[in-house]
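The structure appears below as structure tokens.
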There are 2 protein chains.
Amino acid sequence: MKTRVNRSSLSEQAVGLLREQICNHALMPGQRLDEAVLAEQLGISRTPLREALKVLSAEGLVDLQPHKGCFVTELSLRDLEEIFPIMATLEGRVAHEVATKRTPAQLKALDTLHDKLERHAAAGDLNRYYETNYVFHDQMQECAGNRWLQIVIGDLRKLLKLSRHHSLRLEGRLSASLAEHRALMQALHRQDAETAEKVMCGHLLAQLAALREMSLAPEAAHG
Amino acid sequence: MKTRVNRSSLSEQAVGLLREQICNHALMPGQRLDEAVLAEQLGISRTPLREALKVLSAEGLVDLQPHKGCFVTELSLRDLEEIFPIMATLEGRVAHEVATKRTPAQLKALDTLHDKLERHAAAGDLNRYYETNYVFHDQMQECAGNRWLQIVIGDLRKLLKLSRHHSLRLEGRLSASLAEHRALMQALHRQDAETAEKVMCGHLLAQLAALREMSLAPEAAHG
DNA sequence: CTCCGGTATGTTGTATACAAAATATCGTAT
DNA sequence: ATACGATATTTTGTATACAACATACCGGAG
């Protein structure tokens, strides 16, 4: 049943698979990754696997301790407290750029995605909201047109996926998130770069606040 | 005479050496890196070398093309135009943080470094000015106390080193840079976070402007 | 019983041999 | 002479074997 063309190298495939499994939490944070075991599971030898682990290590998804082993990165609350403000700053800049130089077609695409968000929220479908939200932010970065900004934000997003908690699971956070997106879209329509930046920055910091609250009082979360 | 302890693995040593050679432009941007040749030069086998190249590739210092080879990354002017605004934003945030929560001891350390800058500038010693400037920015990030911000900025700085041009070589840029640093120090003393952020952001953007000018009119550069 | 040291085991790190892919070379046909 | 194609060579990608290091286990001394 392995019909898909294997164009890429085994090490690259391993990077993709492992990255997916780490983000899916099929590989839990803190878990040790035994090279021999993992290599056999993937059906490859240790050589390409080790190259893959080097890449994941550089991305921050695993912690490669010399002569000790490889461990899936565990993000502490402190890490989140440090990363989210960076994301907030960078995505704020994205929003600023988009508000300034968006084309009508781009604005329409964003509107379409925002409508999806509205519908998923109305249906209470957290998973689809989350996915669409991801696509939305991706689309925003695309519109900003800064490839390196896209890379940096992308790297940080991958890292944040290590966190098992979703801010949307906090009571009331979904509607708040939606309200922030509405405010953002309004600012984009008005080409109000200052407001767009401020709203986006606040949007990310609000996510952090939600995660902080959930970590302190886990019973506030549902789902 | 190889008295130094070889604690780290060969692949890690290779990463260090190659990174240094790339930043020193001993390995020129665009140059192809033949695995067999490089391995022999470093006195190691291809296995650890390849792992090193994977790491450098993840850092963006080399471009690893499947089945083609490894090439030292070439930064275009467009790349600089994209990276500097990001650096400006992030270092601006650093300045904001430092102005807010610096301790008297930290401020003193920064003052000491700034004095060095003044002296090197007065002596017209571009290289030392450049080095000290690097240490100064590093110290700032240290004071900001955000490890991830430090990592992200560090990665971008490594990338920027790929550029063969130093903005300081532009006529008049040295004194301008110094003036910006003076303004920054004043803001830090006053704990004026807003100004510190704005000055630092402008400092980075001014470097970009200098590079842009040099790229358009290379004869404006000296050194 | 606890602590220390030595051996045993297993895992990571490296080298080498081999497979696969891309590039270069050379001969032939137009 | 140039363009095309088959072969040869080089280079990247992978597997396996071995070495180095860390840890676990076990036995003995205090």
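Bear in mind that the values here come from a model prediction, so they are computed numbers and not experimental data. To find a chain, count down the sequence lines: A is the first, B the second, and so on, and within it residues start at 1.
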_For B:E35, give me all partners under side-chain contact (heavy atoms from CB on, under 4.5 Å), at least two apart in sequence or on another chain._
B:R46, B:L49, B:R50, B:L53
*Taking only residues two or more places apart in sequence or in another chain, which ones pass side-chain contact (heavy atoms from CB on, under 4.5 Å) with A:T132?*
A:L113, A:K116, A:L117, A:H120
*Measure the distance from CD on B:E40 to C1' on D:dT11 and round it to the nearest whole Å.*
15 Å
*Taking atom P of C:dA22 as reference, at what distance in whole Å does atom CG of B:D34 sit?*
17 Å
*Whole-Å gap separating C1' (D:dG13) and CD (B:E35)*: 8 Å
*asked:* Suppose we screen for salt bridge (Lys or Arg N to Asp or Glu O under 4.0 Å). Which residues come up paired with A:D63, at least two apart in sequence or across chains?
replied: none
*Can you label the angle between the A:H203 ring and the A:H181 ring as parallel, tilted or perpendicular, going by 30° and 60°?*
perpendicular
_Distance test, side-chain N/O of A:K68 to OP1/OP2 of D:dT23, below 4.0 Å_ = yes
Let me check something: any side-chain donor-acceptor pairs from residues 99-106 of chain A under 3.5 Å, sequence neighbours excluded? List them with distances.
| from | atom 1 | to | atom 2 | distance (Å) |
| --- | --- | --- | --- | --- |
| A:T100 | OG1 | A:H96 | O | 2.8 |
| A:K101 | NZ | A:E97 | OE1 | 3.2 |
| A:K101 | NZ | A:A144 | O | 3.1 |
| A:R102 | NH1 | A:L188 | O | 2.6 |
| A:R102 | NH1 | A:H189 | O | 3.3 |
| A:T103 | OG1 | A:Q106 | N | 3.1 |
| A:Q106 | OE1 | A:T103 | N | 2.9 |

*For A:L49 and C:dG13, give me the distance from atom CG to atom P, rounded to whole Å.*
12 Å
*To the nearest Å, give me how far apart CG (A:L38) and P (C:dT12) are.*
10 Å
_Using a heavy-atom cut-off of 4.0 Å across all strands, would you classify A:L33 as base, sugar-phosphate, or nothing?_
sugar-phosphate
Between the protein and nucleotides 14-20 of chain C, list every N/O to N/O distance that falls short of 3.5 Å.
| from | atom 1 | to | atom 2 | distance (Å) |
| --- | --- | --- | --- | --- |
| C:dT14 | OP1 | B:L10 | N | 2.3 |
| C:dA15 | OP2 | B:S45 | N | 2.7 |
| C:dA15 | OP2 | B:S45 | OG | 2.8 |
| C:dA15 | N7 | B:T47 | OG1 | 2.9 |
| C:dT16 | O4 | B:T47 | OG1 | 3.1 |

*Please collect all salt bridge (Lys or Arg N to Asp or Glu O under 4.0 Å) contacts where either partner lies in residues 145-154 of chain B, sequence neighbours excluded, each pair once.*
A:D79-B:R147, A:E82-B:R147
